[in-house]
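Hydrogens, waters and symmetry mates play no part in the numbers below; they use all other heavy atoms, side chains included. Fair warning: this is a prediction, and the values are worked out from it, not measured in the lab.
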Amino acid sequence: MEAVLYHPRFGYYTSDRNPIGKEGADFYTSSDLDPGFGRLVARKLSELAAEFESFTVVELGAGTGALARDILAAHPFTYRILERSAAMRERQRQTLGGFDVEWIDELPAGLTGCVFSNEFFDALPAHRVVRRSGMLREICVGEGFREVECDLKIEIDENDIPIAEGHSTEINLDARQWMARIGACLQRGYHLAIDYGYLRREFYARPSGTVMSYWRHQAVEDPYARIGEQDITTHVNFSDLIDAGAAASLETVSFTSQMQFLIDLGILDEIGRLSAASDADSIRRLQALKKLILPGGMGERFKVLLQRKL
């Protein structure tokens with residue numbers, strides 16, 4: 001998964017193709033639907049920033065830069081982007097022309113502010129495991145992209161992976177390591193993550209895990225089709241983020257659905273205003289905003305985790 005997504009020559013996110021956005025090849029994010037999403041996130045960041053004399057936002061994996069653009073259009077935060085893909089950095093620079101943004105290669109030390117991400121953790125490479133005869137086996141990839149079950153190569157407590165016999169799941173060690181880095185970089189401030197996923201019980205209840213691929217805005221069950229040309233993701237185990245954050249001195253403030261997060265920030269007021277208008281642009285925006293909070297869709301599938309270190 002690491003090679004397919006991030007190989008410097010043929011990786012999905014490192015190539016010159018444009019996979020993200022409504023005009024992109026494969027998928028779009030909440031920020032692509034309407035700039036109102038960015039304005040509402042900016043409102044939340046402003047609430048958090050009110051506690052501090054200075055406040056820096058560090059966005060992890062900023063995609064096309066559209067969300068950063070909408071946030072900065074609403075509030076001129078000191079803004080940094082940590083982006084590992086040179087191709088994505090170039091797209092972000094084009095989107096963010098005219099805004100004061102710094103691109104960085106690693107999390108800064110002694111940060112006062114917020115480490116923020118939207119659909120970052122789901123794109124991290126994960127290990128896949130299956131339970132056989134009561135023991136965990138790792139699902140490796142052999143010649144010809146054929147799955148082969150191997151001895152467990154990662155150091156984990158098997159008791160922490162409560163899957164039934166014959167069931168498979170993912171273990172995202174990179175996500176745990178990122179949480180440790182976030183906790184270490186923050187002197188005072190917050191971590192805000194928006195992504196799709198579950199808490200532990202629901203995450204491990206899925207018999208075949210959560211690996212999915214996306215190509216031309218369609219879900220694809222075979223992750224080995226179109227290697228390097230389709231996105232591969234896993235849902236986020238938010239319990240892992242919460243536990244790893246606690247180990248890194250991050251206290252969980254809230255964990256909620258994207259629907260509730262946006263309602264608390266006033267999205268219904270914007271929907272009401274657009275509903276009263278009759279022009280084509282207002283109707284288009286109204287439909288887009290409704291998608292962000294749709295029960296059974298993005299509103300419930302996406303979760304929002306807020307943690308702090310004060």
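- Surrounding CG of D281 are more than 12 heavy atoms belonging to other residues, nucleotides or ligands, all under 6.0 Å away.
- Aromatic ring orientation, F120 versus W178: perpendicular (interplanar angle above 60°, classes split at 30° and 60°).
- A distance of 9.5 Å separates OG1 of T112 from CZ of F55, quoted to the nearest 0.5 Å.
- Between atom CD of residue E138 and atom OG of residue S168 there is a gap of 12.5 Å, rounded to the nearest 0.5 Å.
- Distance alone, capped at 3.5 Å, places no donor-acceptor pair between the E59 side chain and the Y79 backbone.
- Both L40 and V253 are members of a single hydrophobic cluster when ILVMFWY side chains are connected at heavy-atom separations under 4.5 Å.
- With rounding to the nearest 0.5 Å, the separation of CZ in R39 from NE2 in H75 is 15.0 Å.
- Between D151 and R137 a salt bridge is recorded (basic side-chain N to carboxylate O distance below 4.0 Å).
- The distance from atom OG of S30 to atom NZ of K291, rounded to the nearest 0.5 Å, is 11.5 Å.
- Between R181 atom CZ and D174 atom CG the span is 7.0 Å, to the nearest 0.5 Å.
- Rounding to the nearest 0.5 angstrom, the gap separating the CG atom in L199 from the OG atom in S239 is 4.5 Å.
- Hydrophobic clustering, with ILVMFWY side chains joined whenever heavy atoms are under 4.5 angstrom apart, groups L292 together with L268.
- Connection of I263 to M298 is established within a shared hydrophobic cluster, with ILVMFWY side chains joined at heavy-atom distances below 4.5 Å, either directly or through further cluster members.
- H235 has its ring centre less than 6.0 Å from the ring centre of Y198.
- With hydrogens and angles left out, the side-chain atoms of Y196 and T233 include a donor and acceptor closer than 3.5 Å.
- Ion pairing between a basic and an acidic side chain is recognised when a charged N comes within 4.0 Å of a carboxylate O; E270 and R285 show such pairing.
- More than 12 non-hydrogen atoms from other residues, nucleotides or ligands lie less than 6.0 angstrom from CD of E165.
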